[in-house]
Q: 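Supplied in structure tokens, the structure appears directly below.
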Amino acid sequence: MIRKLLRFLGCFAAFSLVLSILAVVALRWLNPPLTAFMLWDRIGNGRELHYEWVPLESISPHLRITVVAAEDQKFPNHFGFDFQSIAEALEEDRSRTRGASTITQQVAKNLFLWSGHSYARKLIEAWFAALIEICWPKQRILEIYLNIAEFGPGIYGAEAASQAFFDKPARRLNPYQSALLAAVLPNPRLMSAARPSSYVHGRAWEILLLARDLGGVKYLDSGELPRKRKLVN
């Protein structure tokens, strides 16, 4: 009986691994119609979803650089994990302005997983993040992130957020509007880009300074994010 159970668990694990690899490879070219997080939001909260996919070139370069500056400044350099930020987060006994999760890890979580802080979920997230880094170029990772990130209750992706908060397409976002959207990413259900608090205003200006230090919009003008680049001196 135990042998049969172990055989079943082994087959299930192998099937899950193969399925996860196929899913990540397919999403290298296919745009996700929705994500696990959207499903949880729709089914669990009964919330109406606002989601419209647009290609990366239809998203303002200001938003691209402000999101990288706010969420993951080492994004072009790392292979899915920022070990320095992870170590700092483990040492600190307080909430952080920005967590240790990279953009790649957030993409893995939003696409395939659920909200929570269990070790099992983090382990699965790490597996998917590594797969994503192996299978996708950095440009694709950023494109998917900007299209599936939650910017407000039920509002997913840059296009839906830009239309909802600023009544304009994402390609026309100016630097400050972009920084406001980046500022609410850590908790878009409590912070608002449409009605920003004093904290969100201040954080937006801080993000603009960080983006400037990274080189501004020219930093991402090449169209293909490099894997190796020194971001700060």
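Position 1 is the first residue of the sequence; numbering continues from there.
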Q: How about Lys74 and Thr102: do any of their side-chain heavy atoms sit closer than 4.5 Å?
A: no
Q: Does any N or O in the side chain of Asn147 come within less than 3.5 Å of the main-chain N or O of Pro55, such that one atom is a donor and the other an acceptor?
A: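 Pair absent, no side-chain N/O of Asn147 close to backbone of Pro55.
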Q: With Pro196, which residues qualify under side chain to side chain contact (heavy atoms under 4.5 Å, CB included), at least two apart?
A: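 By the side chain to side chain contact (heavy atoms under 4.5 Å, CB included) rule, Pro196 matches Leu180, Val200, His201.
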Q: State the CD1-CG distance between Ile141 and Leu146, to the nearest 0.5 angstrom.
A: 12.0 Å
Q: Can you find a pair of side-chain heavy atoms, one from Trp127 and one from Leu17, that are under 4.5 Å apart?
A: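 Contact flag for Trp127/Leu17 side chains = yes.
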Q: With Ala194, which residues qualify under side chain to side chain contact (heavy atoms under 4.5 Å, CB included), at least two apart?
A: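 For Ala194 the side chain to side chain contact (heavy atoms under 4.5 Å, CB included) partners, ignoring immediate neighbours, are Phe165, Ser192.
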Q: Return a table of donor-acceptor pairs under 3.5 angstrom between the side chains of residues 21-34 and protein atoms on other chains or two or more places apart.
A:
residue : atom : partner : partner atom : Å
Asn31   : OD1  : Arg140  : NH1          : 3.0
Asn31   : OD1  : Arg140  : NH2          : 3.1

Q: State, to 0.1 Å, how close Ala108 and Ala129 come at their nearest heavy-atom pair, and which atoms those are.
A: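 Distance-wise, the nearest heavy atoms are CB-N, 3.8 Å.
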Q: Which heavy atom in Ala193 sits nearest to a heavy atom in Leu181, and how many Å separate them?
A: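 Shortest heavy-atom contact: CB-CD2, 3.8 Å.
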Q: I need the minimum non-hydrogen distance between Ala179 and Ile207, along with the two atoms involved.
A: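 The pair with the smallest heavy-atom distance is O-CD1, 3.9 Å.
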Q: Rounded to the nearest 0.5 Å, how far apart are CD1 of Ile65 and CG of Leu208?
A: 11.0 Å
Q: Please say whether more than 12 non-hydrogen atoms of neighbouring residues, nucleotides or ligands are located less than 6.0 Å from CG in Asn187.
A: yes
Q: Return yes if some donor-acceptor pair links the side-chain N/O of Ser178 with the main-chain N/O of Thr66 below 3.5 Å, else return no.
A: no
Q: If the condition is ring pair (Phe, Tyr, Trp, His ring centres under 6.0 Å), which residues does Trp40 pass it with, not counting sequence neighbours?
A: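 Applying ring pair (Phe, Tyr, Trp, His ring centres under 6.0 Å) to Trp40 gives none.
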Q: How close do Ala183 and Ala204 get, counting heavy atoms only, and between which atoms?
A: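 Ala183 and Ala204 have their closest heavy atoms at CB-N, 4.1 Å.
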Q: To the closest 0.5 Å, what do you measure between NE2 (His50) and CE (Met38)?
A: 12.0 Å
Q: So if I apply the side-chain contact (heavy atoms from CB on, under 4.5 Å) rule between Trp136 and each of Thr104, Val107, Leu142, which one comes out positive?
A: Val107
Q: Cationic tip of Lys138 within the cone over Phe75's six-membered ring, i.e. under 6.0 Å and within 45° of the normal?
A: yes
Q: What distance do Tyr51 atom OH and Ile148 atom CD1 have between them, rounded to the nearest 0.5 Å?
A: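 Atom-to-atom, Tyr51:OH and Ile148:CD1 are 7.0 Å apart.
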Q: Suppose we screen for side chain to side chain contact (heavy atoms under 4.5 Å, CB included). Which residues come up paired with Leu185, at least two apart in sequence or across chains?
A: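 Leu185 satisfies side chain to side chain contact (heavy atoms under 4.5 Å, CB included) with Val67, Glu71, Tyr145, Ala149, Phe151 once adjacent residues are dropped.
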Q: My understanding is that only residues two or more places apart in sequence, or in another chain, count here; which of them pass side-chain hydrogen bond (donor to acceptor under 3.5 Å, both in side chains) with Trp53?
A: none
Q: Applying side-chain hydrogen bond (donor to acceptor under 3.5 Å, both in side chains), can you list everything that pairs with Glu52, at least two apart in sequence or on another chain?
A: none
Q: Using the rule that two of Ile, Leu, Val, Met, Phe, Trp, Tyr join whenever any of their side-chain heavy atoms come within less than 4.5 Å, decide whether Leu56 and Val68 are in one cluster.
A: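 Cluster IDs for Leu56 and Val68 match.
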Q: Can you list every salt bridge (Lys or Arg N to Asp or Glu O under 4.0 Å) pair that touches residues 186-195, not counting sequence neighbours?
A: Asp41-Arg189, Glu150-Arg189
Q: Looking at every non-hydrogen atom in both residues, tell me the closest pair between Ala70 and Ala182 and how far apart they are.
A: CB-CB, 4.0 Å
Q: How many angstroms lie between CD1 in Ile155 and CG in Leu49, if you round to the nearest 0.5 Å?
A: 10.5 Å
Q: Quick one, Glu133 and His78 - any side-chain contact, counting heavy atoms below 4.5 Å?
A: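 Yes, close enough: below the 4.5 Å cut-off.
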Q: Can you name the closest pair of heavy atoms from Tyr156 and Phe37 and give their distance?
A: OH-O, 3.9 Å
Q: List for me each residue that meets side chain to side chain contact (heavy atoms under 4.5 Å, CB included) alongside Gln177, sequence neighbours excluded, and say none if there are none.
A: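 Phe166, Lys168, Leu173, Asn174.
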Q: Could I get the full list of side-chain hydrogen bond (donor to acceptor under 3.5 Å, both in side chains) partners for Ser58, not counting sequence neighbours?
A: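 side-chain hydrogen bond (donor to acceptor under 3.5 Å, both in side chains) list for Ser58, sorted by chain: empty.
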Q: Is Leu113 reachable from Leu111 through a run of I, L, V, M, F, W or Y residues, each pair having side-chain heavy atoms under 4.5 Å apart?
A: yes
Q: Begin with the C-alpha distance, continue with both residues' side-chain angles, and end with the deciding distance and a verdict on side-chain hydrogen bond (donor to acceptor under 3.5 Å, both in side chains) for Ser101 and Gln106.
A: CA-CA 6 Å; Ser101 292; Gln106 292 180 57; 5.8 Å; no
Q: To the nearest 0.5 angstrom, please state how far the CG atom of Leu63 sits from the CZ atom of Arg172.
A: 15.0 Å
Q: Give the intermediate values and the outcome of side-chain hydrogen bond (donor to acceptor under 3.5 Å, both in side chains) for residues Glu159 and Gln163.
A: CA-CA 6 Å; Glu159 184 68 19; Gln163 294 286 0; 3.1 Å; yes
Q: With Glu125, which residues qualify under salt bridge (charged side-chain N to carboxylate O under 4.0 Å, His left out), at least two apart?
A: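 For Glu125, the residues satisfying salt bridge (charged side-chain N to carboxylate O under 4.0 Å, His left out) (neighbours in sequence not counted) are Arg121, Lys122.
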